[in-house]
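Scroll down for the structure; my scribbles are underneath it.
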There are 2 protein chains.
Amino acid sequence: MTEQSQSTTLEQETETNDNSVSTVRAYEDVIAKIRKLISDEDMGPGDALPSERRLSDLFSVSRHSVREAIRVLQEQGVLAPKRGSGNYIRSSTREELTRALSSLVSGDARRLFEVFQLRELIEPQITALAAEMILPEQLAEMDQLLRTQMTTEDLSELQKIDRSFHALIAKATGNTLLSDLMDKISASIDPSRTEGHQSEERRVASITGHCRILAALQAHEPDAAAEAMRDHINDIKHAVSPDTP
Amino acid sequence: MTEQSQSTTLEQETETNDNSVSTVRAYEDVIAKIRKLISDEDMGPGDALPSERRLSDLFSVSRHSVREAIRVLQEQGVLAPKRGSGNYIRSSTREELTRALSSLVSGDARRLFEVFQLRELIEPQITALAAEMILPEQLAEMDQLLRTQMTTEDLSELQKIDRSFHALIAKATGNTLLSDLMDKISASIDPSRTEGHQSEERRVASITGHCRILAALQAHEPDAAAEAMRDHINDIKHAVSPDTP
DNA sequence: TGACGATAATTGGTACAACCAATATAACTT
DNA sequence: AAGTTATATTGGTTGTACCAATTATCGTCA
């Protein structure tokens with residue numbers, strides 16, 4: 001057994017991620033990486049994951065952390081462990097859905113309007129649901145994220161924050177399908193959001209919108225949250241493509 | 001140093017009809033024991049669980065198994081770990097929601113619930129949009145489809161009709177992304193629960209729901225259409241998995 | 001040659017021991 | 001009494017070893 005050459009827990013920050021506060025547990029990272037592995041490697045139902053030992057080596061974490069991640073994935077119905085054999089991807093409606101979705105939103109140009117229309121339909125609803133389900137520490141995390149947004153100048157960083165904000169809301173619903181779906185949608189919009197519309201005015205508008213949404217979430221008011229999100233998305237849409245109703 | 005004297009956990013005499021691997025995992029036992037501990041000890045929100053080491057000693061399992069159980073419990077919203085302090089019982093609102101709705105049992109029910117939750121969020125909105133956009137010939141097509149549904153007995157045919165009905169609505173929005181998305185969602189639900197809810201009563205209920213929806217579409221009334229679809233989906237959900245709110 | 005059975009390698013399941021970092025508590029200093 | 005510093009406790013992570021179920025491999029026998 002090759003002894004790992006990793007001296008300590010030197011967490012090389014895979015990506016300039018996150019806004020400090022939230023204690024990043026290793027297993028959460030592993031969950032994301034396994035999901036990414038599945039979609040990147042184009043693995044489908046019935047396929048076997050690499051062994052736990054291989055995964056722990058691949059991700060440079062302990063097998064224990066890998067197993068914690070697999071436990072969660074199993075509990076979510078994504079994986080089915082088979083002792084002595086491997087961890088298998090379940091014939092999961094969810095995985096098939098998310099996989100299909102990622103290919104759906106791959107288009108561009110004319111589809112931009114359609115993606116925004118989808119967002120307009122679904123995100124206010126998600127936000128309303130989140131207003132009922134969100135947990136105190138998730139509210140705290142969003143609050144922290146918003147504060148960071150207010151004091152950040154870097155555009156790419158702001159973009160990341162914005163995306164995290166919307167991702168956190170979806171996650172707060174407790175529905176992993178919704179969370180994944182929003183992730184795909186955000187990913188498909190991101191590239192187009194890069195271009196030019198990042199004026200100071202836009203930044204202020206974004207913060208204002210987020211404030212309204214967060215306030216509604218903190219108050220646990222679904223209707224207000226949905227409306228705030230609706231306005232926010234409409235706002236974004238106009239910024240991206242000015243000549244739409 | 002007394003080596004663990006537990007070789008007793010290997011009773012495999014339970015030849016349960018269980019289709020999957022029968023082996024009982026330790027962490028599942030621990031989950032049950034922790035839940036029992038909470039209710040027996042009458043612990044409420046905010047209280048701290050015994051430490052992981054104490055629990056592992058108490059249950060005569062490794063800390064790893066305890067931690068896997070706690071991971072799951074945490075993911076279900078029952079516990080909130082605080083490093084350096086302890087595992088705390090969360091305010092119960094979230095748990096009641098998730099428990100009652102999804103994570104009570106296996107991942108299957110949860111997946112199904114998540115898909116339905118997505119449908120509940122998105123399909124009424126789609127229907128409302130369709131009420132504004134739908135064309136006369138599309139209305140005629142749906143009308144024809146509904147008449148066919150009324151005079152068809154074949155189950156697989158009825159299923160196909162039902163799916164077409166929902167697909168037509170999505171198509172009527174003119175948004176191909178929405179249309180494709182609904183198609184994938186329908187496809188992901190179809191295979192899972194084809195049987196079970198196909199009584200005569202269900203058939204009538206389905207037709208009734210479709211009638212209401214179509215009427216609202218014909219009248220171009222978005223709100224009524226959305227509400228009709230909401231009720232319809234709720235109806236389906238109850239038929240597929242009873243005892244959900 | 002082909003079928004069969006023992007053997008070895010791989011894999012998930014569990015256990016134990018150690019360490020880190022955050023937290024809480026006790027002890028100490030001022 | 002208040003603030004500061006040790007110290008013990010706790011969750012988070014890692015490493016290692018072993019077991020049991022499964023799979024792959026190989027050798028023997030008919």
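Basis for what follows: all heavy atoms, side chains included, without hydrogens, waters or symmetry-related copies. Residue numbers start from 1 in every chain, and the chains themselves are labelled A, B, ... in the order their sequence lines are given, proteins ahead of strands.
- Contact check, A:Arg54 against C:dT11: a side-chain N or O comes under 4.0 Å of OP1 or OP2.
- A:Ser56 places a side-chain N or O within donor-acceptor distance of the main-chain N or O of A:Arg53, the cut-off being under 3.5 Å.
- Between B:Asn87 and D:dG11 there is a side-chain N or O to OP1 or OP2 distance below 4.0 Å.
- Taking 4.0 Å as the cut-off between side-chain N and carboxylate O, A:Arg202 and A:Asp235 count as a salt-bridged pair.
- Note on B:Arg71: a side-chain N or O is less than 4.0 Å away from OP1 or OP2 of D:dG12.
- In summary, the side chains of B:Arg71 and B:Gln74 do present a donor paired with an acceptor at a separation below 3.5 Å, with no hydrogens or angles considered.
- In terms of phosphate contacts, A:Ser62 brings a side-chain nitrogen or oxygen within less than 4.0 Å of OP1 or OP2 of D:dT14.
- Each of A:Tyr88 and A:Ser65 has a nearest nucleotide on DNA chain D; the 5'-most of these lies closest to A:Ser65.
- Across its full length, the helix from C:dT1-D:dA30 to C:dT30-D:dA1 shows an angle of 10° between the axes of its 5 terminal pairs at either end, rounded to 10 degrees.
- The listed nucleotides are C:dT14, C:dA18, C:dT11; the one nearest the side chain of A:Ser51 is C:dT11.
- Between A:Arg67 and C:dG13 there is a side-chain N or O to OP1 or OP2 distance below 4.0 Å.
- The backbone N or O of A:Leu177 lies less than 3.5 Å from no partner atom in the side chain of A:Asp180, so there is not a single donor-acceptor pair.
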